[in-house]
Amino acid sequence: MANQPYNPKEIEPAIQQMWAEQNAFRAREEDPGEKYYCMSMLPYPSGALHMGHVRNYTIGDVISRFHRMNGKNVMQPMGWDAFGLPAENAAIKNNTAPAKWTYANIRLMKSQFKRLGFGYDWAREVTTCKPEYYRWEQLMFTRLMRQGLAYKQNAEVNWDPVDQTVLANEQVIDGRGWRSGAEVVRKSIPQWFLKITDYADELLQGLDRLDQWPDAVKTMQRNWIGRSEGIEFSMQHCDSQGRVASDAATVEVFTTRPDTAFGMTYAVLAPEHPLVDALTLPDRRGEVADFIAQVSKATEIDRTAAQGGADKRGVFTGSYLFNPFTASAVPLYLADYVLMGYGTGAIMAVPGQDQRDWEFALSYDLPIVRTVEPPVDWEGEAWTGEGEAINSQWLNGLPVDEAREKAMLWLEERDIGRRMVNYRLRDWGVSRQRYWGCPIPAIYCPDCGVVPVPEDQLPVILPENVTFMGVQSPIKADPEWRKTRCPDCGAAAERETDTFDTFMESSWYYARYCCPGADSQLDERADQWLPMDQYIGGIEHAILHLMYFRFYHKLLRDAGMVSSDEPAVRMLCQGMVVAETYYQDDDNGRRRWINPSEVEFSRDSKGRTIGATLISDGSSVSIGAVEKMSKSKNNGIDPDGLIDRFGADTVRLFSMFASPPDQSLEWSESGVEGAWRFLRRIWKQVAMHVQDGPFDELDAAGLDERQKEIRRLLHDTIAKVSDDMERRYTFNTAIAAIMELSNHLARFEDDSPQGHAVRHEALSAVVRMLAPITPHVCETLWRLLGATAPLYAGPWPEVDESARERALVTLVVQVNGKLRARLELPPAAPEADALSAALANDNVVRHTQEKQIRKVIHFLTNC
RNA sequence: GCCGGAGUGGCGAAAUUGGUAGACGCGCUGGAUUCAAAAUCCAGUUUUGGUAACAAAGUGUCGGUUCGAGUCCGACCUCCGGCACCA
């Protein structure tokens, strides 16, 4: 093999077969070594792998392989997030069943994973659409129902009146159904929720302890949870003169700024507020009803899109509320900018201190009173910053903090206010009115109401062999499927035909990986592996999935199934894979996007791109922006085609080399070729070295200077690469350091026995350091270097600290911060010697003459 | 609007704790090899001046702290991402 050229097509399948035969990536609970659980987010089986997958899973595989080589008991599992809408769409389009389409995709993608050489423990594979998986999710849900952590409530959905189905937000285009083109209406239907808000505080505080999670993710989650401390207080219905009747209705309002209450000039109810009817005067009913109709027609998106503008809309109810601070009446409005879902759905409006109230007050000609003194040069509208209280009687002169506290105490003493923490976070709606999902295990009995499906009747199985009639869910369309008996009274009853949000399945699969075949949701093996040491996935999941799975982990903990508080110790969010876009505009002004593989470039003598042409006919091509690889921009690259041309190792190497994992990776055809060249050079270096025959034992003490220099570089490199792989995750700089070492080795033309021994030590380390990234070629070269055991289990090269000692170090001399000289000195040289050597340097003399040396500063840098 | 992150050669990037800016790769230029090309190898490649040694400038803009700033501080510009009437 040593005299053959590098041929990945031959070696990659052979090495993959060797791993399979040796069960190389099987994780066993009883294996020695500290456990290391490394996991990448499971894919949705949408068809074929794209470059984003390749990048994501290469990162996970590199980290897993690094730790395995370092003696850890590594578990790296893989599975399929197999339920979801695309399967239904494909089924309708191709007239097939979603299950069939899904399983075919899984087969294809699994073969691609194997081709890429990912070291998964397939014995732990999870497929979320199989009853053996989702049955446990159903069981857990029935328990949560009994505990009140799962409940049913009306909520709004996008309803397509033609297709008679619910649409996801992304299926609503310009207010119309994506298939039917019908105008989508908002409809309130009963849906299941999980009480994630019960865990809001714990989810928020837990973030402080996740010190190995990206700050961006933690910040997004904090904002999403949106904790705010304030006070809820009662305002009584009164007449326009402030007279309160003995049986007056009471409106609760929530505010974080009770200190501004003296500036309240009106109050607002959300249009959906339950007291709207009671508090609307008869002569205002018509206008109020019109307003509510107008608001309810608008979708959620329309309603929120209005923000920032002055088009906040509302209507006067004719009623007044009593402001306890000023002891006077304020008019009560309905307005679209107050949301029923937050706080109490009612607010006190202070236009002087709140921009939204300011805009509304202007539109409806309501008075504005400032209660915090704005800065002298303030030219804006509502002032929301710090300042002294004004126009506020007994609060005047106090800063915001003190005024707020005093106002709260005042409300509490009078027993009209209660301190309150509100969250932006809402309970998690888990109902989907779709077919291809896990059936929600509930039964509706005319007498007993909602009843959880008893444990001995689980799982509720989703039929897989179905045909679609239009877009409606086959289990909703089937009059028989839903028929059942009430588990409590035995009467005829109906099943829930809604299915779970697919985020339910992805919220606990990481724990199920630990317990393949368990006859319960989890067993004692879960705690042996959890929490995960490393989780890897896209930043697009920063909020939803990464919040839900933290929540679900706490549910599992509180059900006694795991003992940790958080599912993942360290989180890595990889960046997007992007590529330049290319297009041609035709005569009708239509833009045709051209794949990068069809384009070639001309460059000027400095290497700047000056033009692009189509390879096929030489016509001129325009260069567009660098964007995420997508079908619509036709800038995607097919991983399979690349593996055919270069092999999996080159694809893996380039995706790790082009940028650090958390940044976006810009695709570059010539960059891939560079990676390919590097692997061929390494192959050649090892092959030529091996052809020189056996080598002498290394005598580290007896080496000449040049040999010592190579060994120093080698052990510096091992130290750097180890750190880059374990702590920093900067695989790009790890690869750069290995390339640098390889470049030096190429210039190290020492044929002596000790030169040969030094080269052998270095090449053996190079092959091992690259092994996590390009495992196939490294296994092969490792064997070529004389090893008999495979490389996947290590050993990782060790740093010989004594080899890193230097006879001379470079002393950098700066004069007034500018580099003026480099001196070679022994590291132990006394300071005085170093100073006099520096002062004797011609260049230093030139820049210090006619000047007085005022200060000498010593500083250390690495190397 | 609010909250994050980023801006460094022709390009992707590196510089880990305030201490040699541009490692490594791509591209480009020149050369070797070749009948020729591909492949490979060698040298050069921030800008300006200089054969060179070297000098000056240089990390989005303007200012500051420091012996010394890509890195810290202040103001601003641009781009990317998230949230978007949350009281």
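Order of the sequence lines fixes the chain letters, A, B, ..., with proteins taken first and strands second; residue numbering starts at 1 for each chain.
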Distance, [atom1] atom - from [M] to [N], rounded to whole angstrom:
N	M	atom1	result
B:rC73	B:rG19	P	15 Å
B:rC62	B:rA57	P	15 Å
B:rG5	B:rC72	P	11 Å
B:rA14	B:rA21	C1'	10 Å
B:rG22	B:rC11	C1'	13 Å
B:rC3	B:rG64	C1'	27 Å
B:rG81	B:rA87	P	26 Å
B:rU46	B:rA13	C1'	15 Å

Nearest-Å distance for atom pair [atom1]/[atom2], residues [X] and [N]:
X	N	atom1	atom2	result
A:Tyr337	B:rG1	OH	P	20 Å
A:Leu823	B:rG19	CG	P	20 Å
A:Arg820	B:rA53	CZ	P	16 Å
A:Leu665	B:rC80	CG	P	19 Å
A:Glu669	B:rG27	CD	C1'	14 Å
A:Glu359	B:rA87	CD	P	16 Å
A:Gln574	B:rG81	CD	P	16 Å
A:Met688	B:rC41	CE	C1'	11 Å

Quiz item: Side chain of A:Arg603: nearest nucleotide among B:rC83, B:rG27, B:rA87?
Solution: B:rG27
Self-check item: Side chain of A:Asp354 (C-beta onward), nearest among B:rA87, B:rA55, B:rU40
Solution: B:rA87
Self-check item: Anti or syn - B:rG49, cut at 90° from 0
Solution: anti
[X] to [Y] - nearest heavy-atom pair and separation:
X	Y	result
A:Leu839	A:Val844	CA-CG1, 4.4 Å
A:Leu321	A:Ala267	CD1-CB, 3.8 Å
A:Ala200	A:Leu425	CB-CD2, 4.0 Å
A:Val251	A:Ala346	CG1-CB, 3.7 Å
A:Ser659	A:Leu665	OG-CA, 3.5 Å

Do [X] and [Y] sit within salt-bridge range, that is, some charged N less than 4.0 Å from a carboxylate O?
X	Y	value
A:Asp723	A:Lys720	no
A:Glu669	A:Arg645	yes
A:Asp211	A:Lys218	no
A:Glu673	A:Arg680	no
A:Lys633	A:Glu580	no
A:Asp357	A:Lys312	no

Practice problem: For B:rU40, take OP1 and OP2 only and decide whether either is under 4.0 Å from a side-chain N or O of A:Arg680. | Solution: yes
Exercise. Check every strand shown and say whether A:Asp357 touches a base, only sugar-phosphate, or nothing at a heavy-atom separation below 4.0 Å.
Key: nothing
Quiz prompt | Touch class at under 4.0 angstrom, heavy-atom based, for A:Ile543 against every strand present | solution = sugar-phosphate
Practice problem: Measure the spacing between CD1 of A:Ile196 and CG of A:Leu203 and express it to the nearest 0.5 Å. | Solution: 5.5 Å
Quiz item: Under 30°, 30 to 60°, or over 60°: which ring-plane class applies to A:Tyr333 and A:Phe360, parallel, tilted or perpendicular?
Solution: perpendicular
Practice problem: Would you check if the distance from the ring center of A:Trp667 to the ring center of A:Phe654 is below 6.0 Å? | Solution: yes
Strictly under 3.5 Å: I want the nitrogen or oxygen pairs between protein and nucleotides 67-71 of chain B, one per line.
from, atom 1, to, atom 2, distance (Å)
B:rC67, OP1, A:Lys855, NZ, 3.2

Practice problem: Show the numbers, then the answer: is there a side-chain hydrogen bond (donor to acceptor under 3.5 Å, both in side chains) between A:Arg804 and A:His715? | Solution: CA-CA 6 Å; A:Arg804 301 177 72 190; A:His715 288 278; over 6 Å; no
Quiz item: How is the base pairing of RNA chain B summarised as a dot-bracket string, given the Watson-Crick and G-U wobble criteria with both distances under 3.5 Å, [ ] for crossing and | for another strand?
Solution: (((((((..(((......[....)))((((((.......))))))((((....))))..(((((..]....))))))))))))....
Quiz item: Does the side chain of A:Thr344 pick up a donor-acceptor pair with the side chain of A:Glu232 at under 3.5 Å?
Solution: no
Protein and nucleotides 22-26 of chain B: nitrogen or oxygen contacts under 3.5 angstrom:
from, atom 1, to, atom 2, distance (Å)
B:rA23, O2', A:Glu740, OE1, 3.1
B:rA23, O2', A:Glu740, OE2, 3.4
B:rG25, OP1, A:Asn743, ND2, 3.2
B:rC26, OP1, A:Arg677, NE, 3.2
B:rC26, OP1, A:Arg677, NH2, 2.9
B:rC26, O2', A:Ser670, OG, 2.8

Quiz item: Taking A:Trp428 as the fixed residue, which of A:Tyr548, A:Trp224, A:Phe193 is the one that meets the ring-ring contact (aromatic ring centres under 6.0 Å, His included) rule?
Solution: A:Tyr548
Quiz item: Nearest nucleotide by nearest heavy atom, which residue falls closer to the 5' end of RNA chain B, A:His847 or A:Pro660?
Solution: A:Pro660
Quiz item: Which residues within residues 712-730 of chain A lie with some heavy atom under 4.0 Å of an atom in RNA chain B?
Solution: A:Lys720, A:Asp723, A:Arg727, A:Arg728
Quiz item: Which of residues 218-229 of chain A sit near RNA chain B, with a heavy atom under 4.0 Å from it?
Solution: A:Thr219, A:Met220, A:Asn223, A:Trp224, A:Ser228
Quiz prompt | salt bridge (charged side-chain N to carboxylate O under 4.0 Å, His left out) contacts touching residues 728-748 of chain A (sequence neighbours left out) | solution = A:Asp724-A:Arg728
